[in-house]
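Read through the structure below, which is laid out as structure tokens, and then see the notes.
Numbers restart at 1 for each chain; the letters A, B, ... are given by sequence-line order, proteins then strands.
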Amino acid sequence: MTIKIFNTINRKKEIFKPVKSGSVSMYVCGPTVYSHPHIGNARAALVPDILFRLLKRKYDNVTYIRNITDVDDKISDAAFKQKKTVYEISETFIKIYQDNMASLDILEPTYQPRVTDNMPGIVSTIEKILKNGFAYISEDHILFDTSKYKEYGELSKRTLDEMIDGARIEVADYKKSPRDFILWKPSSNDQPGWESPWGLGRPGWHIECTSMIKSIIGNENTLDLHGGGNDLIFPHHENEIAQGSCMSSSKYCNYWFHNGIVLVNKKKMSKSLGNVILLEDLLKNNKSNSIRLALLSAHYRQPLNWSESTLIESNNLIKKFSSLARSFVGDINKYENLDNEIIDILSDDLNTPEAIKHLSALSKAAKTNQKDLASLVVSAKFIGINLLAHNISTLKAIDEELVKSLVEERFNARSSGDFKKADEIRDKLLSMGISIKDLEDKTVWDYNPDN
RNA sequence: GGCUAAGUGGCAGAGUGGUAAUGCAGCGGCCUGCAAAGCCGUCAACGCCGGUUCGAUUCCGACCUUAGCCUCCA
């Protein structure tokens, strides 16, 4: 099994080879914890989750790091507006983030470092960059000097001139160049701040990732994989490369991968457009299997246009797969290598739509073949979809006795030829979210609120 | 304005130098008291214009359109 991944820095699909054979390090930019996670955050966690599962299958030792940004002006703003402490806000949303991700069966990373736990490391990383001559101090800010780093722009493929010409922003007057970015900035008393050689302050946005990566894998080691949403390519990841390359003699990272963003009505979600879809709301009314499948229905590098039908379609597919899966009798373990094929498919740059097609093909074959049915269950499980789980929504309590008696009443009506009454009862059951199926000698029912 | 991507049937969405998966929807049929589910069958697509090539949807260039980034962003 060879894993291929599209490397953003070279703009092509490459065969993945870790620095140390048998051992892989991967870092992904995690959430800034200031509000409820949305469907885009879920995609950004789910794409690396699939890669993580794949890597674990192939390599003995996989270190997956996903940070938590718990220092940020957005968090401070939220705290101010809600009259809470910064700490209360971040703790609340860390918990919610982790709960939501767990609901989607997204595996826990090996490490989830928090910025607030890593201040000494961040300070010493900045000191290294200063000492190496790639940063300067201006009006109590420490700034990275992009003019000193000749490769700047290698990831986003922009030259400094292009960026400066195209910039529409007002340039802070303490910057030598509009592209220079903040490593450390001063905090006033009402802002979160930490003691540093440069006084009370807090880190800039980019430095935390570099610092936490290096503190886990070692200053002089190269990270194998680094991922995130493609809106992070510039400036965030570009800046990380610059910092990381100027505080260590080793290459910063070998493979960069970026997922496309989630669009709603063909537009990026934003609060101003009012089209943000929160995970919390989706999880109230949908099975995690369906949400997961919907997020995997497009290739990870493509934008994913989210709509009502996205979820309906994946839900239909899940229902079909699940009802088949539940008909499996026997011992799945007696078959071997059932997920080889889906692993091969995913190994080619995480081709999840192709993997879903494979599941469809298996479900077709599974009707006559227990091995293919077992393969369907095991293959779906590999991408985190548990078809045997009975995760039927229990949000709406149903009166089972009432349902049973109505079904029986309808059965009797049908038997005696009173179809009018039978149809009335069927409509009533449907309105309760109960779907029914007439078999030869009985009627079976199921709770299907989606129908 | 600059940069980076993308444009495939009604919708979603893979893929390929020799005319193209799969899912949903539609249509026809089987089944059913009628449905639902299921099954079988079926219609239908490669933005536009050039170039390279025996041959391009696939490679190259221009154009048009869309999205993202250039400011916080997954």
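Following rounding to the nearest Å, Asp231(A) (CG) and G68(B) (P) show an atom-to-atom distance of 10 Å. Put simply, CZ on Arg414(A) is 13 Å from P on A35(B), counting in whole angstrom units. The nearest whole Å value for the distance from the CD1 atom in Ile9(A) to the P atom in A5(B) is 13 Å.
Here the nucleotide nearest the side chain of Asn259(A), chosen from C70(B), U22(B), A74(B), is A74(B). The side chain of Phe419(A) lies closest to G33(B) when the candidates are G33(B), C24(B), C70(B). When the nucleotides G23(B), U4(B), A14(B) are ranked by their closest atom to the side chain of Leu317(A), G23(B) comes out on top.
The base-pairing partner of A56(B), taking Watson-Crick or G-U wobble contacts with both distances under 3.5 Å, does not exist among the strands shown. Base pairing of U65(B): its partner is A6(B), meeting the Watson-Crick or G-U wobble criterion (both donor-acceptor distances under 3.5 Å). Nucleotide C27(B) forms a Watson-Crick or G-U wobble pair with G41(B), both donor-acceptor distances falling under 3.5 Å. Base pairing of A12(B): its partner is U22(B), meeting the Watson-Crick or G-U wobble criterion (both donor-acceptor distances under 3.5 Å).
Judged by distance alone, with hydrogens and angles left aside, Asn315(A) brings no side-chain donor or acceptor close enough to the base of C24(B) to form a pair under 3.5 Å. Judged by distance alone, with hydrogens and angles left aside, Asp423(A) brings a side-chain donor or acceptor within reach of the base of G33(B), the pair sitting under 3.5 Å. Contact annotation: side chain of Arg426(A) to base of A36(B), donor-acceptor pair absent below 3.5 Å.
Checked against the 6.0 Å centroid threshold, His36(A) and Phe93(A) count as a close aromatic pair.
Between His237(A) and His258(A), the ring planes are tilted. Angles from 30° to 60° get that label.
Checking Ser297(A) against Asn230(A), the closest nucleotide of RNA chain B that is more toward the 5' end is the one next to Ser297(A).
A salt bridge is defined here as a Lys NZ or Arg NE, NH1 or NH2 lying under 4.0 Å from an Asp or Glu carboxylate O, and Asp339(A) with Arg53(A) fails to meet this definition. In this structure, Lys13(A) pairs ionically with Asp348(A), as a charged nitrogen and a carboxylate oxygen lie closer than 4.0 Å.
For A12(B), one of the phosphate oxygens OP1 or OP2 lies less than 4.0 angstrom from a side-chain nitrogen or oxygen of Lys266(A). Not one side-chain nitrogen or oxygen of Lys420(A) sits closer than 4.0 Å to the OP1 or OP2 atom of C34(B).
Residue His258(A) is out of contact with every strand shown, counting any heavy-atom pair closer than 4.0 Å.
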